[in-house]
Number of protein chains: 2
Amino acid sequence: MKRKVPIDFAEERLNERLARTGLRFTAQRRHVYGVLLEKKDHPSAEEVFMRAKDDMPDISMATVYNCLDTLVKCGLVKQVNHDRGATRYCSNMREHHHFYCDECHGTFDIDYDPSAEEPEIHMPDGFHVRAYEIAFRGICPDCAARKRGK
Amino acid sequence: MKRKVPIDFAEERLNERLARTGLRFTAQRRHVYGVLLEKKDHPSAEEVFMRAKDDMPDISMATVYNCLDTLVKCGLVKQVNHDRGATRYCSNMREHHHFYCDECHGTFDIDYDPSAEEPEIHMPDGFHVRAYEIAFRGICPDCAARKRGK
DNA sequence: CTAGGTGCAAAAGGTTTGCGGTTAA
DNA sequence: TTAACCGCAAACCTTTTGCACCTAG
């Protein structure tokens with residue numbers, strides 16, 4: 001089987017990340033990660049499941065969810081949520097943002113160079129931005145206080 | 001019943017927005033909007049339903065979803081999606097962003113002044129940002145071309 | 001050896017749909 | 001008057017859970 005992605009290289013990275021997080025390396029985790037690397041079109045869990053079954057017919061939906069969660073925990077995969085639809089998964093490891101099309105509901109990666117002094121976002125040609133929203137993540141004041149307290 | 005929000009003023013705005021969008025003014029739409037204005041804590045549809053029932057016991061879940069969709073369409077309410085949980089609704093009409101706490105999973109509004117030359121985001125004290133992502137919305141190149149074509 | 005991971009099937013959670021009756025304009 | 005809207009209940013889609021078996025370390 002031909003692969004567009006240097007999967008052996010990715011496998012090493014997965015192995016290292018799992019070890020660092022105290023998790024085991026399994027065939028299913030490698031395979032799900034491979035599926036995400038092979039076609040970076042932001043598939044839903046259901047879509048990942050169907051693609052994964054091609055080469056691993058016995059894999060279960062529950063395992064796909066488990067593997068996806070594991071990969072997110074390791075920092076190898078990002079969850080992408082939009083409207084009320086299913087969560088989608090993204091293995092683009094470069095820092096990037098997303099563009100959602102109001103018309104076809106497609107999701108597109110928008111790259112930028114985070115190392116630049118003034119990180120500039122280059123919007124590719126033809127994308128018409130109507131609105132944008134920044135989602136920050138971290139620890140809120142109350143939870144920070146609680147953690148310091150205990 | 002005392003209200004913290006000048007609901008009559010909001011009612012006028014709702015009426016105007018509905019008319020402009022060619023939609024009807026109904027008691028349910030007003031009431032759901034009132035619920036969102038009264039406590040801006042990003043409730044889910046289920047939570048809106050429960051609060052709405054206090055004053056309007058016969059309102060149904062389907063109607064709550066319909067009203068929420070209508071309010072989003074009118075531009076009076078924003079949907080907020082995060083992780084795999086239920087969609088939450090936000091009636092903060094000022095341009096703003098959101099902060100998600102990794103610990104308690106709470107959602108907080110992060111305001112900014114969009115009229116400023118260099119729109120600066122002031123992160124309130126005590127919020128520790130671990131990561132952020134920008135979600136752009138609009139029309140993708142393919143859909144833009146298709147619309148021009150037809 | 002054994003804690004952690006998997007597969008299965010059932011349940012839970014969230015959202016949508018179809019339809020007969022009601023209402024704003 | 002009538003197209004739009006509502007309430008109800010069933011269906012649908014997505015995600016989680018419990019448990020018996022399996023396996024990486």
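Every chain is numbered from 1, with letters handed out A, B, ... down the list of sequences.
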Between [atom2] of [N] and [atom1] of [X], the distance in whole Å:
{"X": "A:Phe49", "N": "D:dC13", "atom1": "CZ", "atom2": "P", "value": "15 Å"}
{"X": "B:Met50", "N": "C:dG13", "atom1": "CE", "atom2": "C1'", "value": "14 Å"}
{"X": "A:Leu68", "N": "C:dG5", "atom1": "CG", "atom2": "P", "value": "15 Å"}
{"X": "B:Asn66", "N": "C:dT16", "atom1": "CG", "atom2": "C1'", "value": "9 Å"}
{"X": "A:Tyr65", "N": "C:dC8", "atom1": "OH", "atom2": "P", "value": "17 Å"}
{"X": "B:Leu23", "N": "D:dA3", "atom1": "CG", "atom2": "P", "value": "16 Å"}
{"X": "A:Glu11", "N": "D:dA24", "atom1": "CD", "atom2": "P", "value": "13 Å"}
{"X": "B:Asp69", "N": "C:dT17", "atom1": "CG", "atom2": "P", "value": "10 Å"}

- Are the charged groups of B:Arg51 and B:Asp41 less than 4.0 angstrom apart, N to O? yes
- Where each residue is assigned the nucleotide of DNA chain C containing its nearest heavy atom, which of B:Ala86 and B:Asn15 is assigned the position nearer the 5′ end? B:Ala86
- Taking for B:Arg84 and for B:Pro57 the nucleotide of DNA chain D with the nearest heavy atom, the one nearer the 5' end belongs to B:Pro57
- Query: Pick from B:Arg94, B:Glu95, B:His96, B:His122: which one makes a side-chain hydrogen bond (donor to acceptor under 3.5 Å, both in side chains) with B:Tyr112?
  - Reply: B:Glu95
- For B:Phe136, does its backbone N or O pair with a side-chain atom of A:His97 as donor and acceptor, under 3.5 Å? no
- Could you give me the CA-CA distance, side-chain angles and deciding distance for A:Val32 and A:Thr63, then say whether side-chain contact (heavy atoms from CB on, under 4.5 Å) is met? CA-CA 9 Å; A:Val32 166; A:Thr63 295; 6.0 Å; no
Examine [N]: is either OP1 or OP2 under 4.0 Å from a nitrogen or oxygen in the side chain of [X]? Give yes or no.
{"X": "A:Thr26", "N": "C:dG4", "answer": "no"}
{"X": "B:Thr87", "N": "C:dG14", "answer": "no"}
{"X": "A:Gln28", "N": "D:dT23", "answer": "no"}
{"X": "B:Thr63", "N": "D:dC6", "answer": "no"}
{"X": "A:Arg29", "N": "D:dA24", "answer": "no"}

- Message: Can you see whether B:Tyr33 engages B:Arg13 through a side-chain donor-acceptor pair at a distance of less than 3.5 angstrom?
- Response: yes
- Query: Is there a donor and acceptor pair closer than 3.5 Å between the side chain of B:Arg24 and the base of C:dA25?
  - Reply: no
